[in-house]
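First the proteins, then the strands, lettered A, B, ... as listed; each starts at 1.
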Amino acid sequence: MATTTMSEFRVDPVSGLKINRTANTLVKVNAFAAIVFLLVGGLFGIGVALTRMPGVQLLKPELFYMFLTAHGIVALMVWIIFFEMAVLYFLGAHLLGNRLATPRLAWTQFWLMIIGAAITAVAILQGNSSVMMTSYVPLQAAPHFYLGLILFAVGALIGCFVFLGTLVVAKEEKTYTGSLPLVVFGGVTATVIAIFTIASGALILIPTFLWSLGLISQIDPMMYRVIWWAFGHSSQQINVVTHISIWYLIASLVFGAKPMSEKVSRGAFLLYILFLQLGSVHHLLADPGLSSAWKIFNTSYMLYLAVLASMIHGLTVPGSIEVAQRKKGLDTGLFTWLRKAPWGNPVFSGMFMSLIGFGFIGGITGVVMSVEQINMIIHNTMYLPGHFHGTVVSGTTMAFMAVTYYLIPVVFQRKIALGAIAKLQPYVFSIGGAIFAISLMGAGTLGVQRRHADISFAGQPLAYEYPEIAKGLMSFGEIGGIVMALGATMFIIVVLASIFTGERIAEDAKPWPKVEDADVVFEKTGKKHVGTGGFEAPGTFVLAMVLFVTLVLYYFINFKYLSSVWSMS
Amino acid sequence: MGTSYTPPTNPDWWREPIERTELLWIVISFAWCLFMFGWMIAWHWIGNQNMNNEAYKTTVEVYTKKVDDQLAKYTVRKDEASGDDVVAPPPGSDVYLLGMQWQWRPILELKKGQTYRLHLSSKDVVHGFSLQPENINFQAYPGYEQVINITPNKSGTFSIACGEYCGGVDAMGHHTMLGRIYVKE
């Protein structure tokens with residue numbers, strides 16, 4: 001007779017992982033909360049998009065500024081950080097066959113973040129806290145706007161420590177031997193950055209909260225921006241590290257690939273820990289009182305060493321896929337391995353779209369716009385939302401969606417429902433995101449300023465009209481935004497349909513066929529040749545060089561444009 | 001053998017050689033990184049568009065007085081469109097621009113090819129100086145005064161929009177904030 005109390009662990013038939021039930025519940029609730037907030041953030045985003053379309057202008061300015069504040073906070077912070085909590089618990093517990101260190105604290109993390117997000121949401125919807133996500137002082141929001149953010153951040157901080165504690169448990173209880181898996185190492189990198197990030201957030205938001213209560217007379221606006229960006233930009237670096245870890249994970253899951261070099265990939269993560277945070281200074285390049293030496297040191301991430309790290313990951317992830325595919329017999333030509341990849345599997349297609357979107361759209365533009373001088377012709381224009389939707393939407397969100405298609409069977413024990421929609425979803429979302437990002441960057445290059453409820457300056461005696469083409473780009477870009485929202489809706493429908501109505505996967509179901517380890521296949525077939533010309537991944541190298549040439553050209557085009565404007569010294 | 005989500009199969013993974021594809025890419029990427037770093041420094045000498053890094057702490061009262069003194073001294077006319085004062089300070093002089101909810105004042109009249117010391121500050125919240133259609137952008141803070149030596153290389157009518165969200169209601173706000181610079185031949 002079966003015992004009434006279930007054992008603490010189950011062996012998952014889909015992944016073969018030994019899964020702790022409590023940890024699994026926490027992954028579930030965090031991932032589910034994340035997806036609910038993605039829906040909320042997306043709805044506010046649609047309002048923003050339909051207002052920015054010249055000719056539609058759905059919302060009146062006051063409502064637009066409220067929507068934009070809500071969209072920024074929910075989509076950029078709440079959705080992403082909830083999902084990251086799910087990912088961290090998955091890495092620390094599931095991948096290591098481990099339990100969660102302190103489930104009770106993990107629940108505290110969850111509820112603090114829920115309560116914090118709810119309090120801030122109430123403050124925003126009350127209408128007197130339309131200060132944007134950045135909430136630059138001396139613009140002032142209601143006290144509970146800041147209080148909610150602080151509670152949310154404390155929750156996330158607790159989650160980071162639960163993850164670190166979980167790693168200690170794994171080490172103590174010897175659930176794995178040797179070094180941490182690369183993907184978990186990426187999780188550690190994200191956590192180190194997250195702790196720095198949240199500490200910076202506390203450092204500036206707590207005094208600002210006290211100021212909003214009248215307990216502190218003044219917050220220096222310059223100091224606020226310096227410290228706030230140590231929080232604001234760094235939180236985006238957590239996303240980068242997390243989604244790159246997911247790329248590595250998916251390359252192994254789908255292709256049985258192993259990292260091309262553990263040393264190189266881990267070294268690149270280490271470069272992130274050391275230098276990625278310096279990039280927060282990108283936001284301060286047009287500010288008074290900071291020297292060029294300080295700006296150049298920081299904005300370059302010290303000799304661009306964090307950019308180097310991203311370029312490395314950008315090559316090694318597809319490179320490892322190429323090597324695996326070649327070892328499995330697709331060893332001809334430059335791109336056979338890529339052509340024959342499973343493009344109908346959203347776990348892979350989503351991951352690859354994320355890689356391309358993050359590299360070509362978010363990455364290239366990020367490097368160029370953060371040059372001290374180029375920043376002057378880009379700073380605070382519509383180029384910025386264009387750029388960071390390239391990183392956060394096309395990069396991070398796409399990768400999170402891709403890994404969700406894997407997590408649903410493993411964590412929620414359900415088969416993916418509406419497979420046909422899931423198959424198309426990454427393409428719809430990515431293409432919409434690309435149109436959105438590129439068009440907005442075009443409009444920004446032509447001067448359109450960000451966070452404007454109306455770009456026509458209607459009714460102003462000192463009228464100014466942006467070039468017609470800029471307005472056209474705004475319309476076109478926001479159509480891309482609607483397509484992106486459609487892609488997000490498809491994702492949410494698939495997720496909800498799967499976890500509520502999808503076919504259950506019984507715990508004692510027959511194990512799913514495992515993806516074969518590329519090396520095992522290679523040894524079995526006994527073939528020797530992989531790659532050409534002494535390169536194991538020649539196709540990836542060619543793709544990387546395309547990225548490189550695009551980056552170099554785009555860099556100099558911007559300097560050419562810069563050299564044509566008014567002289568400044 | 002091995003995957004990214006299991007511990008490395010080779011405990012001595014840090015001694016494994018780096019494959020050629022990766023190595024060559026790292027070399028190329030790092031060379032470009034060094035170039036970009038050097039170019040940003042070099043542009044301070046070879047380029048004509050750089051930040052001045054001259055800045056002062058100030059107060060709203062002190063800075064507003066400078067703007068008012070400038071108005072008293074150099075006002076040449078009322079603007080046709082808005083009726084606001086237009087000031088035409090001599091080339092080489094200090095020009096004071098003040099951002100406030102929701103306008104830039106005063107309207108400036110400059111000469112093409114002449115250099116001016118443009119001062120930027122704010123009366124209330126953080127604003128963004130955004131010169132259109134040149135698309136040159138700087139921050140303006142209350143309590144801080146940033147100085148940039150500007151030399152217009154084109155004549156015509158230029159607008160100043162606001163690049164930093166500065167609040168607003170339906171009728172006016174961040175989206176209606178404008179200023180103007182006329183550049184004469």
| said: With a 4.5 angstrom heavy-atom cut-off, is it the side chain or the backbone of B/I107 that approaches chain A, or both, or neither? | reply: side chain
| remark: Given A/I378, A/L63, A/L551, the one with more heavy-atom pairs under 4.5 angstrom with chain B than any other is A/L551
| task | Hey, can you tell me if B/W32 and A/Y555 have their rings parallel, tilted or perpendicular (30° and 60° cut-offs)? | result | perpendicular
| said: So that I can tick it off, tell me whether B/D69 and B/K65 are bridged by a salt bridge, with the cut-off set at under 4.0 angstrom between side-chain N and carboxylate O. | reply: yes
| In terms of heavy-atom pairs under 4.5 Å with chain B, which of A/M222, A/K60, A/M132 leads? | A/M222
| field | Residue selection (most heavy-atom pairs with chain A, distance under 4.5 Å) from B/L24, B/V147, B/V126, B/I41 | value | B/L24
| Side chain, backbone, both or neither of A/T381 within contact of chain B (heavy atoms, under 4.5 Å) | side chain
| Is a side-chain N or O of B/W25 found less than 3.5 angstrom from the main chain of A/F541, in a donor-acceptor match? | no
| task | Look at the aromatic rings of B/Y165 and A/Y65 and report parallel, tilted or perpendicular, splitting at 30° and 60°. | result | tilted
| said: Only pairs of heavy atoms separated by less than 4.5 Å count here; which of B/G38, B/C162, B/C166 has the most with chain A? | reply: B/C162
| field | Region of A/A537 in contact with chain B, defined by heavy-atom distances below 4.5 Å | value | both
| request: For each of B/C33, B/P11, B/A55, tally heavy-atom pairs with chain A at distances under 4.5 Å, and name the one with the top tally. | output: B/C33
| query | Is it true that B/D84 and B/R77 have a side-chain N and a carboxylate O under 4.0 angstrom from each other? | reply | no
| task | Quick one: which of A/N380, A/D519, A/V367 has the most heavy-atom pairs under 4.5 Å with chain B, could you say? | result | A/N380
| Side chain, backbone, both or neither: which part of B/F129 has an atom under 4.5 Å from a heavy atom of chain A? | neither
| Region of A/Q460 that comes under 4.5 Å of a non-hydrogen atom in chain B | side chain
| Side chain, backbone, both or neither of A/T134 within contact of chain B (heavy atoms, under 4.5 Å) | neither
| Are A/Y466 and A/Y464 close enough that their ring centres sit under 6.0 Å apart? | yes
| field | Donor-acceptor contact below 3.5 Å, side chain B/N135 vs main chain A/I377 | value | yes
| field | Interchain contact, A/F64 with chain B, by part (heavy-atom threshold 4.5 Å) | value | neither
| note | The interface call for A/D517 against chain B, heavy-atom contacts under 4.5 Å, is side chain
| message | Can you tell me which of A/G289, A/P221, A/G531 forms the most heavy-atom pairs within a distance under 4.5 Å of chain B? | response | A/P221
| Most chain A-contacting option - heavy-atom pairs closer than 4.5 Å, from B/E22, B/R15, B/E16, B/M177 | B/E22
| said: Which atoms of A/V323 are under 4.5 Å from chain B, going by heavy atoms: the side chain, the backbone, both sets, or neither? | reply: neither
| said: Whether A/R225 engages the ring of A/Y136 as a cation-pi pair (distance to the six-membered ring centre under 6.0 angstrom, angle to the ring normal within 45°) should be assessed. | reply: yes
| query | Does the separation of the ring centres of A/W294 and A/F297 fall below 6.0 angstrom? | reply | no
| Donor-acceptor pair, side chain of B/E19 and main chain of B/T21, under 3.5 angstrom | yes
| said: What part of A/Y301 gets within 4.5 angstrom of chain B, counting heavy atoms only: side chain, backbone, both, or neither? | reply: neither
| field | Residue A/L180 versus chain B: region with a heavy atom under 4.5 Å | value | backbone
| task | Please determine, among A/S292, A/P461, A/A453, A/G178, the option with the most heavy-atom pairs under 4.5 Å with chain B. | result | A/S292
| query | Looking at A/L308, A/V183, A/D287, A/L182, which has the largest count of heavy-atom pairs under 4.5 Å with chain B? | reply | A/D287
| said: Is B/D124 close to chain A through its backbone or its side chain, or both, or neither, when contacts mean heavy atoms under 4.5 Å? | reply: backbone
| task | Name the region of B/Y141, side chain, backbone, both or neither, that has any atom closer than 4.5 Å to a heavy atom of chain A. | result | side chain
| field | Which portion of B/T6 sits near chain A, non-hydrogen atoms under 4.5 angstrom | value | backbone
| message | Could you check whether B/K111 pairs with B/E185 (Lys NZ or Arg NE/NH1/NH2 to Asp/Glu carboxylate O, under 4.0 Å)? | response | no
| query | Under 3.5 Å, is there a donor-acceptor pair between the side chain of B/S29 and the main chain of B/I26? | reply | no
| request: For this output row, return yes or no: ring centroids of B/Y56 and B/Y144 closer than 6.0 angstrom. | output: no
| remark: Cut-off 4.5 Å, heavy atoms of chain B, and the answer for A/S320 is neither
| Is any NZ, NE, NH1 or NH2 atom of the basic residue among B/E164 and A/R451 found under 4.0 Å from an Asp or Glu carboxylate oxygen of the other? | yes
| query | Where the side chain of B/W43 meets the backbone of A/Q373, is there a donor-acceptor pair that is under 3.5 Å apart? | reply | no
| query | Side chain, backbone, both or neither: which part of A/L285 has a non-hydrogen atom closer than 4.5 Å to chain B? | reply | backbone
| chain A contacts, top residue of B/W39, B/F30, B/W14 (heavy-atom pairs, under 4.5 Å) | B/W39
| said: Given heavy-atom pairs under 4.5 angstrom as the criterion, report whether the side chain, backbone, both or neither of A/I374 touches chain B. | reply: neither
| query | Ignoring hydrogens and geometry, is there a side-chain-to-backbone donor-acceptor pair from B/T9 to B/G2 under 3.5 Å? | reply | no
| Looking at B/G173, B/G168, B/P142, B/G143, which one has more heavy-atom pairs under 4.5 Å with chain A than the rest? | B/P142
| message | Check for me whether A/R266 meets the cation-pi criterion with B/W13, that is, NZ or CZ under 6.0 Å from the six-membered ring centre and within 45 degrees of the ring axis. | response | yes
| field | Polar side-chain atom of B/Y63 near backbone of B/L97 as donor-acceptor pair, under 3.5 Å | value | yes
| request: Could you tell me which portion of A/F522 (side chain, backbone, both or neither) has an atom closer than 4.5 angstrom to a non-hydrogen atom of chain B? | output: neither
| said: Please classify the contact of A/Y383 with chain B as side chain, backbone, both or neither, using a heavy-atom distance under 4.5 Å. | reply: neither
